[in-house]
There are 2 protein chains.
Amino acid sequence: MGKNTYICAIKVLKLILSKKTKYAMVALARLARDYGREPIQIRDIAESEKIPQRFLENILLELRKLGILGSKLGKEGGYFLLKKPSEVSLLEIVRHFEGTIALMYCVSEKAYQPCEFCKDEATCRIRKVFKDVRDTTYEILKRTSLESLIQDQPRS
Amino acid sequence: MGKNTYICAIKVLKLILSKKTKYAMVALARLARDYGREPIQIRDIAESEKIPQRFLENILLELRKLGILGSKLGKEGGYFLLKKPSEVSLLEIVRHFEGTIALMYCVSEKAYQPCEFCKDEATCRIRKVFKDVRDTTYEILKRTSLESLIQDQPRS
DNA sequence: ACAATGTCGACCAATTAAGTGAACAAATGT
DNA sequence: ACATTTGTTCACTTAATTGGTCGACATTGT
């Protein structure tokens, strides 16, 4: 068997969002659905959304440090949304967990680095294409809030 | 020093295109500029576009197997575009080297996999957002050909 | 024959993704 | 005071990918 032999294996693709980002979005949608109520425990979210609990702990912790979630220790403790669901956009979630939404550093706002190829970024055609892609992605994610994720969704 | 100590290190971000994809686009733009002429040698491209030569060999080989490039062995050999620059879109390049342009498997055409979370993909709100992102990315990359990359560009 | 060129397969180092585990800290009910 | 529940932190693991490099081989023109 060669080293590149795959048996029913799934190739992980680079552009695909990490599971961390997806878990974060799913967990936040759940917390948005219960916005204004009692804190929800990690175990609850892990079970109902099918997210590995220990992994989810890390993710919720990051979201708390980001200022999106609050937590309460002890019995009846748990996590809850600090901001209103309409005030949390997918843009900030994806950007935090992926670092940037751009496909090239030279069109990133958050992780900009000068291009290694082109002499002049202002006229570079490749850059212009991926700037367009970034800008439309930005607009779509910016206008999508947690609230718009939970409209007309069943309670669970 | 802890294991996670970074000194002036650059974090590699997942959504960023791989260097392979970028090198492929740059090399193809170069070959498009010289479309209809003699084959161009790997070394030439590597030097003028500043791409590691051994790495570029792999990339050009892949593009040949894809049917975009042709090659000629022996003295005066090299690579050349098989298709017209206007007939090669960035979409097929990115898709080949990244596997897909989608950010989630459930909205990918080339690498579709059912969603692990939602009960109904047709109504899933998260999916809808990333389907929008994919579709606009698709349109932009589809309409961008090698020809549009080299218009008004200096010869070297 | 020989030199220039592409072809192919194997190999490598560094990094990341996706978790797991264990010990600790804080709040609460009794 | 104490046990229990819950969150917090840091270190660790395993498998895979990225970004190359290397050496031998095949083909072509002169």
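Just so it is clear: chains get the letters A, B, ... in the order the sequence lines come, proteins before strands, and each one is counted from 1.
- In this structure, A:E57 atom CD and C:dA22 atom C1' are separated by 12 Å, rounded to whole Å.
- Side-chain atoms of A:L69 and A:L82, non-hydrogen and from C-beta on, never get closer than 4.5 Å to each other.
- When each of B:T144, B:L17, B:T137, B:I140 is checked for a side chain to side chain contact (heavy atoms under 4.5 Å, CB included) with A:F130, only B:L17 meets the rule.
- A straight line from CD of B:Q41 to C1' of C:dT5 spans 7 Å, rounded to a whole angstrom.
- For the pair A:L60 CG and C:dG19 P, the computed distance is 15 Å after rounding to whole Å.
- No side-chain heavy atom of A:F80 sits less than 4.5 Å from a side-chain heavy atom of A:R37.
- The separation between B:L73 atom CG and D:dT28 atom P is 6 Å, rounded to whole Å.
- Interface remark: the B:R43 side chain does not form any donor-acceptor pair with the C:dG6 base, using a distance-only criterion of under 3.5 Å.
- An OP1 or OP2 oxygen of C:dG19 is reached within less than 4.0 angstrom by a side-chain nitrogen or oxygen of A:Y23.
- Closest contact between the side chain of B:K72 and the listed nucleotides C:dA18, C:dG6, D:dG29 involves D:dG29.
- At whole-Å resolution of the value, CG in A:L56 and P in C:dT20 are 12 Å apart.
- With rounding to whole Å, B:N58 atom CG is found 15 Å from C:dC11 atom P.
- In this structure, CD1 of B:I40 is placed 15 Å from C1' of C:dG6, rounded to the nearest angstrom.
- Look at CG on A:L17: it is 14 Å from C1' on C:dA17, rounded to the nearest Å.
- At a threshold of 4.0 Å, the pair B:R54-B:E57 counts as salt-bridged, since one of the basic side-chain nitrogens sits closer than that to a carboxylate oxygen.
- Counting heavy atoms from C-beta outward, B:Q151 and A:R125 have side chains that approach closer than 4.5 Å.
- Closest approach to the B:P52 side chain among D:dT21, C:dC8, C:dA22 is made by D:dT21 (side chain taken as heavy atoms from C-beta onward).
- Contact annotation for B:F97: no contact, since no heavy-atom pair falls under 4.0 Å across all strands.
- Here the nucleotide nearest the side chain of A:R54, chosen from D:dT6, C:dA22, C:dC8, is C:dA22.
- The residue B:I42 sits close only to the backbone: its heavy atoms come under 4.0 Å of sugar-phosphate atoms, none of a base.
- Out of C:dA18, C:dT7, D:dT8, the shortest distance to the side chain of B:Y79 is found at C:dT7.
- A 4.5 Å side-chain heavy-atom check between A:D132 and A:K128 finds at least one atom pair inside the cut-off.
- Here B:S71 reaches the OP1 or OP2 of C:dT7: one of its side-chain N or O atoms lies under 4.0 Å away.
- For A:K75, counting side-chain heavy atoms from C-beta on, the closest listed nucleotide (C:dT28, D:dT9, D:dG23) is C:dT28.
- Comparing C:dA18, C:dG6, D:dG19 against the side chain of A:F55 picks out C:dA18 as the nearest.
- Nucleotides of DNA chain C nearest to A:E76 and B:G78 differ in position, and the one nearer the 5' end is that of B:G78.
- Closest contact between the side chain of A:K65 and the listed nucleotides C:dT7, C:dA27, D:dT9 involves D:dT9.
- Within the nucleic acid shown, A:K22 has no heavy atom closer than 4.0 Å to any nucleic acid atom.
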